[in-house]
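Worksheet for the structure shown next.
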Amino acid sequence: MENNTILVTGASGKTGRAITAALLKKGHTVRALIHSSQQAQGFDNNVTAICGDLLTRLDLAKAMQGCTAVYHICPNMHLEEVRIGELVIQVAKSCSVGHFVYHSVLHPNIKVMPHHWKKLQVEALLFKSGLNFTILQPAAYMQNLLQYRSAVHEKGLYSVPYNGRTRIGMVDLRDVAEVAARIITDERHFGSTYELATDEIFTQLELTDQFSHHCRREITFKETPTKQWELAMVKSNMAAYAIATLASMFRYYEKYGFSGNGRVLEMLLGHKPNTMDAFMDEFFNQ
Ligand SMILES: NC(=O)c1ccc[n+]([C@@H]2O[C@H](COP(=O)([O-])OP(=O)(O)OC[C@H]3O[C@@H](n4cnc5c(N)ncnc54)[C@H](OP(=O)(O)O)[C@@H]3O)[C@@H](O)[C@H]2O)c1
């Protein structure tokens with residue numbers, strides 16, 4: 001596909017910004033569908049930011065007009081995730097978009113994690129759509145750890161609402177974005193579903209050791225009691241659906257862990273994925 005214009009939906013979030021930056025770096029023409037004009041801040045001048053609502057067909061149609069590909073990212077923990085997916089797929093069909101890449105999640109087939117389960121339903125809609133599609137299923141991002149940076153540095157504390165034995169494998173969002181930029185104009189990927197994970201798995205206690213190593217001081221792990229976490233989220237105005245979904249995800253993580261395998265990511269990148277050690281060195285080194 002030549003002369004590409006790519007629309008990134010949900011572009012104002014952390015995933016959208018990373019994907020947009022990677023697409024631009026690769027030389028693509030990028031449109032970013034953002035929720036409000038204030039969110040245009042931080043995008044490169046070469047990105048065309050378009051304000052719109054993912055639940056409004058007309059906004060989607062205006063943004064998608066003339067696009068060769070769509071990279072669809074649903075806002076995190078959105079109650080209407082399936083409806084949004086359905087609308088974006090329908091509009092992509094009506095705009096004759098050549099490639100639809102869907103930002104799903106590792107293991108979407110887990111019903112007790114509603115934001116995973118909803119992604120499985122969107123994947124099924126894509127299978128039936130007749131569109132050329134690629135599905136990316138990333139593991140949890142290393143970048144999620146950045147929200148703990150000030151507590152780690154200032155209080156010497158790593159605190160999450162699940163226990164220290166919980167085993168999670170994480171991927172660098174920049175590796176996911178690099179894959180997105182590589183595959184979006186390459187029709188050899190049509191019809192594929194790729195798990196994007198790494199081989200590394202850490203318990204929360206092991207992660208705490210890594211924090212201690214990179215911060216060059218003793219960091220303590222503390223499990224935040226669920227009730228306390230829920231109260232803090234209510235106070236921060238998080239939607240009830242998002243709180244319940246996250247709580248359910250934490251219980252799942254605790255019981256079964258959450259991780260994948262790095263082979264596919266390495267193959268798509270053409271190099272080794274970033275490691276937790278390198279990520280910590282970049283962002284937690286003091
Ligand atoms: N975090 C991870 O480790 C991980 C791993 C794998 C997959 N994922 C998936 O990645 C996706 C994106 O997550 P994220 O954390 O990057 O998202 P995010 O930061 O929550 O960003 C979502 C963005 O979408 C905007 N938005 C909300 N409702 C909208 C609407 N109706 N129309 C247009 N824009 C709207 C929000 O703006 P407002 O603030 O104005 O509402 C926000 O800027 C999710 O589906 C998540 O499940 C995440």
Side-chain angles (χ1 to χ4, degrees), residues 7-22 31-43 49-64 70-88 91 101-110 113-123 135-148 160 168-177 179-180 193-198 233 236-239 241-243 245-246 248-250 252-253 258-260 265 276 279:
L7 177 72
V8 179
T9 64
S12 43
K14 85 173 140 196
T15 306
R17 287 178 188 275
I19 300 289
T20 303
R31 286 186 202 165
L33 185 59
I34 58 175
H35 211 185
S36 63
S37 53
Q38 297 95 295
Q39 293 171 339
Q41 245 187 11
F43 283 104
I50 300 171
C51 285
D53 193 311
L54 286 165
L55 282 156
T56 306
R57 188 183 295 270
L58 195 61
D59 287 356
L60 290 171
K62 277 184 189 159
M64 229 180 273
V70 169
Y71 191 95
H72 174 49
I73 305 163
C74 184
N76 208 11
M77 311 284 158
H78 200 295
L79 185 62
E80 298 289 349
E81 185 148 5
V82 181
R83 178 77 193 122
I84 288 174
E86 189 178 28
L87 264 176
V88 179
V91 175
V101 182
Y102 177 44
H103 193 90
S104 183
V105 70
L106 185 68
H107 304 171
N109 44 348
I110 296 169
M113 297 201 279
H115 58 312
H116 284 229
W117 188 245
K118 285 179 200 267
K119 285 183 174 63
L120 189 76
Q121 292 169 60
V122 175
E123 290 187 7
I135 296 169
L136 301 183
Q137 299 180 329
Y141 311 146
M142 291 176 186
Q143 279 73 6
N144 296 348
L145 296 174
L146 298 177
Q147 64 186 299
Y148 307 110
V160 289
I168 302 177
M170 303 182 109
V171 66
D172 192 316
L173 177 55
R174 292 167 299 185
D175 283 341
V176 175
V179 168
T193 300
Y194 295 130
E195 291 190 351
L196 302 180
T198 68
M233 293 306 107
S236 75
N237 286 328
M238 187 183 272
Y241 165 76
I243 297 175
T245 299
L246 281 168
S248 195
M249 180 181 88
F250 297 149
Y252 181 91
Y253 279 5
F258 184 59
S259 60
L265 178 56
M276 184 60 84
F279 181 84

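As the structure lists them, so they are numbered: ligands from 1, and atoms in each ligand from 1.
- Annotation for ligand 1: atoms under 4.0 Å from non-hydrogen atoms of S104 are 7 (C).
- The atoms of ligand 1 that sit less than 4.0 Å from any heavy atom of H103 are 7 (C), 9 (C), 10 (O).
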Exercise. Can K14 and N76 be said to form a side-chain hydrogen bond (donor to acceptor under 3.5 Å, both in side chains), step by step?
Worked result: CA-CA 10 Å; K14 85 173 140 196; N76 208 11; over 6 Å; no
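- Within the structure, ligand 1 lacks E80 among the residues with a heavy atom less than 4.0 angstrom away.
- Counting only heavy atoms of the protein, atom 45 (O) of ligand 1 lies nearest to C74 O, 2.8 Å.
- Note: no N/O pair closer than 3.5 Å links A140 and ligand 1 by distance alone.
- Within the 4.0 Å heavy-atom shell around ligand 1 one does not find S36.
- Regarding atom 48 (C) of ligand 1, its nearest protein heavy-atom neighbour is Y141 OH, 3.4 Å.
- Listed by number with element, the atoms of ligand 1 under 4.0 angstrom from any heavy atom of K119 are 44 (C), 45 (O), 46 (C), 47 (O).
- Contact check for I50 versus K62: no side-chain heavy atoms found under the 4.5 Å cut-off.
- The shell of residues lying under 4.0 angstrom from ligand 1, judged by heavy atoms, excludes A11.
- Residue N76 holds the heavy atom nearest to atom 17 (O) of ligand 1 of all those in N76, I19, L145.
- Note on ring orientation: taking the six-membered ring where Trp is involved, the planes of H72 and Y102 are parallel (angle under 30°, cut-offs 30° and 60°).
- With ligand atoms numbered from 1 in the order given, ligand 1 contributes 5 (C), 6 (C) to contacts under 4.0 Å with heavy atoms of A139.
- Remark: the backbone N or O of L106 is paired with a side-chain donor or acceptor of H116 at under 3.5 angstrom.
- Here is the list of ligand 1 atoms found below 4.0 Å of a heavy atom in I73: 11 (C), 12 (C).
- Near P138, meaning under 4.0 Å from any of its heavy atoms, are these atoms of ligand 1: 6 (C).
- Residues passing the side-chain contact (heavy atoms from CB on, under 4.5 Å) test with N237: none are found, sequence neighbours excluded.
- The heavy atom nearest to atom 33 (C) of ligand 1, considering only H35, R17, M77, is found in H35.
- Shortest contact from atom 16 (O) of ligand 1 to any protein heavy atom: T15 OG1, 2.6 Å.
- Among residues two or more places apart in sequence or in another chain, the side-chain contact (heavy atoms from CB on, under 4.5 Å) test is passed with R17 by S12, Q39, F43.
- Of all the listed residues (P108, S12, G10), S12 holds the heavy atom that lies closest to atom 43 (O) of ligand 1.
- Heavy atoms from both the backbone and the side chain of D53 come within less than 4.0 Å of ligand 1.
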